[in-house]
> 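Next up is a structure, given as structure tokens.
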Amino acid sequence: MATLPVFPAPARPVWRQLAPGDLAYVAALEAQVHAAPWSLGNFRDALAAGYVTRVAECDGRIVVYGVLMLAPGEAQILNVSVVPEMRRQGLGRALVHQFIADARRADAEQCFLEVRVSNGGAIALYENAGFTRIARRTGYYPPMEPGATREDALVMRLALSPLRPTAPV
Ligand SMILES: CC(C)(COP(=O)(O)OP(=O)(O)OC[C@H]1O[C@@H](n2cnc3c(N)ncnc32)[C@H](O)[C@@H]1OP(=O)(O)O)[C@@H](O)C(=O)NCCC(=O)NCCS
């Protein structure tokens with residue numbers, strides 16, 4: 001009987017918070033992922049401000065990261081990023097759903113985010129998670145390429161139903 005080849009199981013993502021020691025690495029990833037990337041200082045400020053941060057590692061390497069800002073009654077997703085070689089494997093969805101759960105736990109009644117109008121993949125991700133388009137900000141984003149025009153942002157919102165306490169039996 002022929003021996004079937006054995007492939008290693010895909011590494012499971014290990015989720016944790018962003019740590020100060022990650023900042024340089026994540027800022028380098030960010031420069032590869034976004035046309036208008038956050039700087040290392042932006043990530044440091046997010047940590048200092050106490051924003052919710054999440055990263056996941058596969059095989060000891062950060063492959064997804066994001067930042068959520070919590071304010072009284074509402075939350076805003078500020079950054080959602082997956083390294084190019086790990087996309088379409090559910091990591092972006094997992095991160096967004098974790099942020100939604102974080103927002104609910106903090107009693108936020110709604111969650112907002114902004115996204116480039118050209119970013120069809122991200123818009124599909126957010127709409128699948130229940131976000132709806134509520135506004136458009138003209139010329140909000142710097143151009144994708146030098147010399148191109150600035151780009152509009154879609155503002156998206158998710159209404160968050162409060163967590164129901166378990167009914168006594
Ligand atoms: C947008 C991004 C976060 C998606 O992450 P991802 O891990 O690839 O997304 P997932 O695999 O979790 O996809 C979840 C769903 O989102 C939608 N989606 C994601 N990427 C898509 C794409 N390129 N085209 C169309 N739909 C897409 C699909 O509905 C997908 O479900 P499916 O795979 O079952 O069809 C990722 O492409 C990324 O980091 N892009 C660069 C940074 C960025 O644009 N961040 C968002 C800024 S607001």
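Everything numeric in this text was worked out from a predicted model, so none of it was measured. The first residue of the sequence shown is numbered 1, and numbering continues consecutively from there. In listed order, ligands and their atoms are each counted from 1.
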> Treat each ILVMFWY residue as a node, draw an edge where side-chain heavy atoms are under 4.5 Å apart, and state whether Tyr141 and Val33 are in one component.
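No; Val33 is not reachable from Tyr141 via cluster members.
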
> Tell me the protein heavy atom at minimum distance from atom 19 (C) of ligand 1, and give that distance in Å.
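Closest protein heavy atom to atom 19 (C) of ligand 1: Gly121 O, 3.6 Å.
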
> Mind checking the CZ-CE spacing from Phe131 to Met156? Nearest 0.5 Å is all I need.
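Taking CZ in Phe131 and CE in Met156, the distance rounds to 7.5 Å.
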
> Report, in ascending order of atom number, the atoms of ligand 1 lying under 4.0 Å from any heavy atom of Gln89.
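Result: 11 (O).
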
> Considering both backbone and side-chain atoms of Gly90, is one of its nitrogen or oxygen atoms within less than 3.5 Å of a nitrogen or oxygen in ligand 1?
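By distance alone, the answer is yes.
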
> Compute the minimum heavy-atom distance from Gly120 to ligand 1 and say whether it is under 4.0 Å.
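Heavy atoms of Gly120 never come under 4.0 Å of ligand 1.
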
> Does the plane of the ring in Phe43 sit parallel, tilted or perpendicular to the ring in Tyr65? Use 30° and 60° as the thresholds.
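The arrangement is perpendicular - the two ring planes meet at more than 60°.
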
> Considering only protein heavy atoms, which is closest to atom 41 (C) of ligand 1, and at what distance to one decimal place?
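Among all protein heavy atoms, the one nearest atom 41 (C) of ligand 1 is Arg87 NH2, 3.4 Å.
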
> Would you say Val96 ends up clustered with Phe112 if hydrophobic residues are merged whenever their side chains have heavy atoms under 4.5 Å apart, either directly or through other cluster members?
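Hydrophobic grouping puts Phe112 apart from Val96.
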
> Check this for me, if you would: do Asp59 and Arg12 make a salt bridge, where the nitrogen-to-carboxylate-oxygen distance has to be below 4.0 angstrom?
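Between Arg12 and Asp59 there is no salt bridge, as every charged N stays at least 4.0 Å from the carboxylate O atoms.
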
> Does the pair Asp152 and Arg116 meet the rule for a salt bridge (Lys or Arg N to Asp or Glu O under 4.0 Å), with working shown?
CA-CA 6 Å; Asp152 294 355; Arg116 285 179 185 267; over 6 Å; no

> So which heavy atom in the protein is nearest atom 29 (O) of ligand 1, and how far is it from that ligand atom?
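Looking at atom 29 (O) of ligand 1, the protein heavy atom closest to it is Asn128 ND2, 2.7 Å.
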
> Which of the atoms of ligand 1 are close to His34, meaning less than 4.0 Å from one of its heavy atoms?
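Every atom of ligand 1 under 4.0 Å from some heavy atom of His34: 42 (C), 43 (C), 45 (N).
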
> Measuring from atom CH2 of Trp38 to atom CG of Leu23, what distance do you get when rounded to the nearest 0.5 angstrom?
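The CG atom of Leu23 is 11.5 Å from CH2 of Trp38, to the nearest 0.5 Å.
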
> Check each of Glu114, Arg93, Arg88 against atom 8 (O) of ligand 1 and report the one with the nearest heavy atom.
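The residue whose heavy atom sits nearest atom 8 (O) of ligand 1 is Arg88.
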
> With side chains defined as the heavy atoms from C-beta onward, is the minimum distance between Ile62 and Leu29 less than 4.5 Å?
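Side chain of Ile62 against side chain of Leu29, heavy atoms only: contact under 4.5 Å found.
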
> Quick check on contacts: which atoms of ligand 1 are under 4.0 angstrom from a heavy atom of Val115?
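Near Val115, the atoms of ligand 1 are 48 (S).
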
> For ligand 1, which atoms sit closer than 4.0 Å to a heavy atom of Val33?
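Every atom of ligand 1 under 4.0 Å from some heavy atom of Val33: 41 (C), 42 (C).
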
> Specify the protein heavy atom at minimum distance from atom 48 (S) of ligand 1: its residue, its atom name, and the distance to 0.1 Å.
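Result for atom 48 (S) of ligand 1: Tyr126 OH, 3.2 Å.
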
> Taking distance alone, with no angle check, do Val82 and ligand 1 share an N/O pair under 3.5 Å?
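Yes; the residue has a nitrogen or oxygen that sits under 3.5 Å from a nitrogen or oxygen of the ligand.
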
> How does Tyr65 reach ligand 1, if at all, at less than 4.0 Å between non-hydrogen atoms: by side chain, backbone, both, or neither?
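Answer for Tyr65: neither.
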
> Atoms of ligand 1 less than 4.0 Å from Ser81 heavy atoms?
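Going through ligand 1 atom by atom, the ones under 4.0 Å from Ser81 are 39 (O).
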
> For Val80 and ligand 1, does the shortest N/O to N/O distance drop below 3.5 Å?
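Such a contact does occur with ligand 1.
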
> Looking at every heavy atom in both Ala11 and Cys58, which two are closest together, and how far apart are they?
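Of all heavy-atom pairs spanning Ala11 and Cys58, the closest is O-SG, 3.9 Å.
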
> Can you tell me which residue and heavy atom of the protein come closest to atom 7 (O) of ligand 1, and the distance to 0.1 Å?
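Looking only at protein heavy atoms, the one closest to atom 7 (O) of ligand 1 is Gly92 N, 2.8 Å.
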
> Please compare Leu154, Asn119, Val63, Leu125 and report which has the shortest non-hydrogen distance to atom 17 (C) of ligand 1.
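Among Leu154, Asn119, Val63, Leu125, the closest heavy atom to atom 17 (C) of ligand 1 belongs to Leu125.
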
> Does a side chain donor of either Glu30 or Asn42 reach within less than 3.5 Å of an acceptor in the other side chain?
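No - no donor-acceptor pair under 3.5 Å links their side chains.
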
> Would you say Glu114 and Tyr140 are linked by a side-chain donor-acceptor pair, where the criterion is simply a distance under 3.5 Å?
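Present: a donor and an acceptor within the cut-off.
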
